[in-house]
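Inspection log for the structure reproduced underneath, given as structure tokens.
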Amino acid sequence: MRNIFIIWKREFLGYWKSPIAYIFIAVFLLFSYLLFFLYKEGDMDFFLRNQAEMRLLFRLMPFMFIALIPPLTMRLWSEERKMGTMEILMTLPMRESEIMLGKFLAAWSFVLVPVVLTLPLTLFVGSIGRLDTGPVAGGYVGTMLLAGAYVAIGVFVSGVSRNQIISFILTVVIYFVFVLIGLDFVLSWLYEGGFKTVHLVCAFLGFIPHFESISKGVLDTKDLVYFASVILVFLVLNRFTIEIHKYS
Amino acid sequence: MIEVENLVKKYGPVTAVDGVSFKIEQGEIVGLLGPNGAGKSTTIRIMTTFLAPNGGRVVIDGMDVVKKPLEVRKVLGYLPESAPLYEEMKVSDYINFIVSARGIPSADREKLRSETVEKCGIRDVMKKAIGELSKGFRQRVGLAQALIHNPKFLILDEPTSGLDPNQIIEIRKLIKEISKDKTIILSTHILAEVEAACNRVLIMHNGRIAADSRLSDLQAGMSKEAEYEFVLAGGPDEQAEKKVRSIPEVRSVRGIGEGKYLVKADSGADAGGAIFDAVRDSGRRLTSLSRRRVTLESIFQKLTSES
């Protein structure tokens, strides 16, 4: 535990020294705040709809994360490998899994910084209307879990490729696939096209169905287990690639 | 003690380390010498648990590096090639990170920290970012990182590469200073380094150990033959050459132009005086006469040129 914290601390504080971190936070907040007010459903924007709800903010998350999380995760392993600092890191008296978890948690917690900074928006909406707390709490829990899944994938990819650009592209592609297969129009297209099994698999694997169900304020174990599994699977794969590098 | 037995490491089809074995006793300072690509760094990476071998084993202080990596890492200090450090971190933050990552008990922290900082001479740069440091200071910070937990074994991969002559001398002095109570393995392809700091040398070539001996034995063993060089005033002269050749200890004399001659003689007696007399007897004068020292260079070249 202590070792995980030591690695977490170095990585988390390290983020604040790079401009990417500030760009990440600024862009994240800009998009959440602007799109929240400007996005039109039908031809009604937030003010015309005249409803106190945060649905739209959370609906943005899976898409914003696609572009914003890879820059935070792509360097976690590949930079260490490229700079050679990996050799000192991996010969510290710590377990490989502790180092990996420290890195994963650092990126995850950093992603949650701007998510927390959307709270003023929520409080503002809550102050001008009656917010239903269930979906808001669910939305934040869902966003947290979704971010965890994205980060686990990103950290894993960073361990696969030494090249950060390749890491970036590969991560975006994986996110895109996970998002795409859970989109309403894709799912209904599959369903109507008669691909029943594929439809079921996609609905099960895609991010969006699970995320939306949590965001409605329904904390179903099925969805929690889903996100926990995605995180776990990619962490295990990550641990495995570290081992492969030792033997190759 | 460090025991390396039959170590093998392959990168795909390339065998980087091919059956390397050696033993290092407590307190030895061993130079691991070899041309680039000889397998030095790979051997070191296996010893430090960074890589796993394909065959053979390394036992450090009675612990197998594959079976007990965490315990091995505790007794090792390691400075990888070119001192890879986190550029964006401040030196003090980096040292603090290593101190806590090394799990140094908080009672010893302050003492070990200030001792190491003092020893490595980095007190003045503690507030600077590592990326701003000169190569010499980076190397010192790298050494501090390797030393801070007062390890029994210190493994340094090319600790002076890329430094200027002054920095090299300083780093060597530092290594000498810390070598008092430690077992040190120092890899390098600079021969002077081994001569300056080590008492034993392991020469690697093509993934194998080409020579393993005490520095003094190696030099003595290779020098059954002594070499002299003399230069005649006023150019070459057959008479003088003949006279020198007639000295009993002299095996051969070879003119290498402009009055310069190379003499090979038995190493037992000093043939220098005889050469001087022979030249004088022939009526010529010497502008210089010297005995060529058998350098590690020549041994090294001999061992690593035949593949």
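Quick note on labels: first sequence line is chain A, next is B, and so on, each numbered from 1.
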Could you look at A:Glu80 and say if it's the side chain, the backbone, both or neither that has a heavy atom under 4.5 Å from chain B?
side chain
Hey, is CZ on B:Arg172 packed in by over 12 heavy atoms from elsewhere, all under 6.0 Å?
yes
Can you tell which part of B:Glu81 gets under 4.5 Å to a heavy atom of chain A, answering side chain, backbone, both or neither?
neither
Count the heavy atoms of every other residue, nucleotide or ligand shown that sit under 6.0 Å from NZ of B:Lys128, and state whether that count exceeds 12.
no
What's the spacing between A:Lys9 NZ and B:Asp93 CG if we round to 0.5 Å?
8.0 Å
For the CG atom on B:Asp124, are there more than 12 heavy atoms of other groups (residues, nucleotides or ligands in this structure) within a distance under 6.0 Å?
no
What distance do A:Met86 atom CE and B:Phe50 atom CZ have between them, rounded to the nearest 0.5 Å?
5.5 Å
Under 4.5 Å heavy-atom distance to chain A, tell me which part of B:Glu71 shows up: side chain, backbone, both or neither.
neither
A:Phe31, CZ: over 12 other non-hydrogen atoms inside 6.0 angstrom:
no
Paired with A:Lys17, the side-chain contact (heavy atoms from CB on, under 4.5 Å) test is passed by just one of B:Glu87, B:Lys90, B:Met89, namely B:Met89
Comparing B:Pro69, B:Gly12, B:Pro84 against chain A, the one with the most heavy-atom pairs below 4.5 Å turns out to be B:Pro84
Residues B:Arg73, A:Glu96: salt bridge by 4.0 Å N-O rule:
yes
Would you mind checking which part of B:Tyr11 comes under 4.5 Å of any heavy atom in chain A, side chain (CB onward), backbone (N, CA, C, O), both or neither?
side chain
How long is the span from the CG atom in B:Leu51 to the OG1 atom in A:Thr91, to the nearest 0.5 Å?
11.0 Å
Heavy atoms, side chains only, cut-off 4.5 Å: are A:Ile6 and B:Phe97 in contact?
yes
Does B:Lys135 NZ have over 12 foreign heavy atoms under 6.0 Å away?
yes
Could you check whether atom CZ of A:Phe240 has more than 12 heavy atoms from other residues, nucleotides or ligands sitting under 6.0 Å from it?
no
Is A:Leu92 close to B:Ile98 at the side-chain level, that is, under 4.5 Å between some pair of heavy atoms?
yes
Hey, could you give me the CE/OG1 distance between A:Met90 and B:Thr48, rounded to the nearest 0.5 Å?
11.5 Å
Is chain A contacted by the side chain of B:Asn96, its backbone, both, or neither, given a heavy-atom distance below 4.5 Å?
neither
Using 0.5 Å steps for rounding, measure from the OG1 atom of A:Thr85 to the CG atom of B:Leu85.
8.5 Å
What's the shortest heavy-atom distance between A:Lys246 and B:Lys9, and which atoms?
O-NZ, 3.3 Å
Check the pair B:Tyr86 / A:Arg10 against side chain to side chain contact (heavy atoms under 4.5 Å, CB included), numbers first and verdict last.
CA-CA 10 Å; B:Tyr86 298 113; A:Arg10 200 199 78 76; 3.3 Å; yes
With a 4.5 Å cut-off on side-chain heavy atoms, are B:Arg102 and A:Pro93 touching?
yes
Is it true that, when you exclude B:Arg123 itself, more than 12 heavy atoms of the residues, nucleotides or ligands shown sit nearer than 6.0 Å to its CZ?
yes
Donor-acceptor contact below 3.5 Å, side chain A:Arg2 vs main chain B:Ser100
yes
